[in-house]
Amino acid sequence: MTSSSASASGAGTRQPVYSQRVEGVGTVTLTPVDPAADAALIHSWVTEERARFWGMREASRELVRDIYEDLDRRTTHHAFLARRDGEPVGLFQTYDCAEDRISECYEVLPGDTGVHLMVGPARGASQRGFSAGLIGAFLSYVVSQDTTRRVVAEPDARNEKAIARLVRSGFELGPEIELPEIDLPEVYLPAKKARLAFFHPGANRPFRLTV
């Protein structure tokens, strides 16, 4: 497994900020989302039934673009398209927990970095270890950032499969929480129940690329 990272590029260039060769999976890259160019693809993913936890099933393509334009202007929240050998395979987001609604749900510690992950629709037969390989690459990127002291995930409390995968990747489960509703002119996010999970770089057992 090999990896490399670079400073985030400015808007318009959209070059990968991270690249990692994952054995059995391929080369995984993370590129900042370009709202105008990527809105159609993201819209096709977030409006699927399996993505209902993201709260955008009824969103128009224009609203999806507006949401990611809002994220693109922020310094505390970041969105990336994950590609495997050049093909889009997932949507990955990071955020400063102290500057997010999750801060109302637990005691945030300095260096807490939140993560969201959506794996794109499978093309053809499912590949054993694929999702775990993506999680491993994402974690490698997040913990490589100087500001990260702990990684915080908040999967759907009902999604036992996703929760189990995080545990196998080295996360420790926390309590179930209810994320509060956000209703702003530029974005609306419904209230939802989530399960906290924490990854401690250097303290947790090393994350493993297992299914």
Side-chain angles (χ1 to χ4, degrees), residues 1-9 14-23 25-33 38 42 53-54 68 71-72 74-84 88-103 105-120 129-156 159 162-174 177 179 194-211:
M1 180 189 305
T2 59
S3 63
S4 61
S5 60
S7 299
S9 300
R14 308 301 179 183
Q15 296 298 311
V17 296
Y18 187 76
S19 177
Q20 178 173 313
R21 179 71 182 175
V22 181
E23 185 177 355
V25 174
T27 298
V28 176
T29 58
L30 300 178
T31 304
V33 165
D38 300 329
I42 295 173
F53 189 65
W54 285 62
Y68 283 90
L71 282 180
D72 202 41
R74 296 172 183 255
T75 60
T76 56
H77 293 62
H78 308 281
F80 307 89
L81 270 185
R83 291 180 170 85
R84 193 252 310 255
V89 293
L91 177 63
F92 180 52
Q93 297 177 193
T94 64
Y95 60 92
D96 180 350
C97 292
E99 301 297 329
D100 188 82
R101 63 175 173 170
I102 198 174
S103 64
C105 304
Y106 84 106
E107 184 177 353
V108 177
L109 299 180
D112 275 1
T113 298
V115 295
H116 296 148
L117 165 64
M118 177 188 295
V119 178
F130 174 68
S131 295
L134 286 184
I135 291 175
F138 296 156
L139 278 176
S140 293
Y141 170 70
V142 176
V143 301
S144 73
Q145 305 304 296
D146 292 339
T147 55
T148 298
R149 297 293 177 267
R150 182 171 65 166
V151 183
V152 182
E154 39 156 306
D156 186 344
N159 192 335
I163 292 170
R165 184 178 293 121
L166 288 173
V167 171
R168 291 195 298 271
S169 298
F171 281 79
E172 297 176 353
L173 294 182
I177 61 172
L179 294 165
R195 183 71 184 271
L196 288 178
F198 302 95
F199 183 85
H200 303 262
N204 282 43
R205 59 191 185 279
F207 54 84
R208 304 182 301 278
L209 303 186
T210 59
V211 294

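If you read the sequence from its start, that first residue is 1, and numbering goes on from there.
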Enquirer: Determine yes or no for a side-chain-to-main-chain donor-acceptor pair under 3.5 angstrom, with Arg195 supplying the side chain and Leu173 the backbone.
Expert: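 Pair absent, no side-chain N/O of Arg195 close to backbone of Leu173.
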Enquirer: How far apart are the C-alpha atoms of Gln93 and Tyr68, what are their side-chain angles, what is the distance that settles it, and do they pass the side chain to side chain contact (heavy atoms under 4.5 Å, CB included) test?
Expert: CA-CA 11 Å; Gln93 297 177 193; Tyr68 283 90; 2.5 Å; yes
Enquirer: Using the side chain to side chain contact (heavy atoms under 4.5 Å, CB included) rule, take Phe92 and Val142 through it: C-alpha gap first, then chi angles, then the decisive distance, then the call.
Expert: CA-CA 11 Å; Phe92 180 52; Val142 176; 3.4 Å; yes
Enquirer: Hey, is the main chain of Gly136 close enough, under 3.5 Å, to the side chain of Ser140 for a donor-acceptor pair?
Expert: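 Yes, because the side chain of Ser140 sits within donor-acceptor range (under 3.5 Å) of the backbone of Gly136.
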Enquirer: State the CD-CZ distance between Glu154 and Arg101, to the nearest 0.5 angstrom.
Expert: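 That separation rounds to 7.0 Å.
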Enquirer: Are Phe80 and Tyr18 an aromatic pair, judged by ring center distance below 6.0 Å?
Expert: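 Judged by ring-centre distance (under 6.0 Å), Tyr18 and Phe80 do not meet the cut-off.
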Enquirer: Regarding Arg14 and Asp72, does a basic nitrogen lie under 4.0 Å from an acidic carboxylate oxygen?
Expert: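 The answer is yes: the pair qualifies as a salt bridge.
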Enquirer: Quick one, Val151 with Phe171, criterion side chain to side chain contact (heavy atoms under 4.5 Å, CB included). Give me CA distance, side-chain angles, the key distance, then yes/no.
Expert: CA-CA 9 Å; Val151 183; Phe171 281 79; 4.1 Å; yes
Enquirer: Going by side-chain contact (heavy atoms from CB on, under 4.5 Å), His77 matches just one of Leu71, Thr94, Asp96. Which one?
Expert: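 Of all the options given, the one that passes is Leu71.
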Enquirer: Which value, rounded to the nearest 0.5 Å, describes the distance between Asp112 atom CG and Glu107 atom CD?
Expert: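 Interatomic distance, Asp112 CG to Glu107 CD, rounded to 0.5 Å: 9.5 Å.
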Enquirer: Rounded to the nearest 0.5 Å, how far does CG of Leu30 lie from CZ of Arg83?
Expert: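 One gets 10.0 Å once the value is rounded to the nearest 0.5 Å.
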Enquirer: Leu134 versus Val28: any side-chain heavy-atom pair under 4.5 Å?
Expert: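 Touching, per the 4.5 Å side-chain cut-off.
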Enquirer: Pick from Ile42, Leu117, Val119: which one makes a side-chain contact (heavy atoms from CB on, under 4.5 Å) with Leu91?
Expert: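 Per the side-chain contact (heavy atoms from CB on, under 4.5 Å) rule, the option paired with Leu91 is Ile42, out of Ile42, Leu117, Val119.
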Enquirer: Heavy atoms only: give me the nearest Tyr95-His116 pair and the separation to one decimal.
Expert: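 Minimum heavy-atom separation between Tyr95 and His116: CE2-NE2, 3.5 Å.
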Enquirer: Please find the pair of heavy atoms, one from Cys97 and one from Ile102, that lie closest to each other, and give the distance.
Expert: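 So the minimum-distance heavy-atom pair works out to O-CG2, 3.7 Å.
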Enquirer: Provide the closest heavy-atom pair for Leu139 versus Ser169 in the form atom of the first, atom of the second, distance.
Expert: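 Answer, listing the atom of Leu139 first, then Ser169: CD1-O, 4.3 Å.
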Enquirer: Which heavy atom in Ile163 sits nearest to a heavy atom in Pro155, and how many Å separate them?
Expert: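 What the structure gives for the nearest pair is CG1-CG, 3.8 Å.
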Enquirer: Of all heavy-atom pairs between Arg150 and Pro201, which one has the smallest distance, and what is that distance?
Expert: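 That would be CA-CD, 4.1 Å.
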Enquirer: Give the intermediate values and the outcome of side chain to side chain contact (heavy atoms under 4.5 Å, CB included) for residues Leu196 and Tyr106.
Expert: CA-CA 9 Å; Leu196 288 178; Tyr106 84 106; 3.8 Å; yes
Enquirer: Looking only at heavy atoms, what is the nearest atom pair of Pro32 and Asp38, with distance?
Expert: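 So the minimum-distance heavy-atom pair works out to O-OD2, 4.4 Å.
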Enquirer: State, with a plain yes or no, whether a side-chain heavy atom of Phe130 is found less than 4.5 Å away from one of Val89.
Expert: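 In contact.
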Enquirer: What distance separates Leu109 CG from His200 NE2, expressed to the nearest 0.5 Å?
Expert: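 Result: 8.5 Å between the selected atoms.
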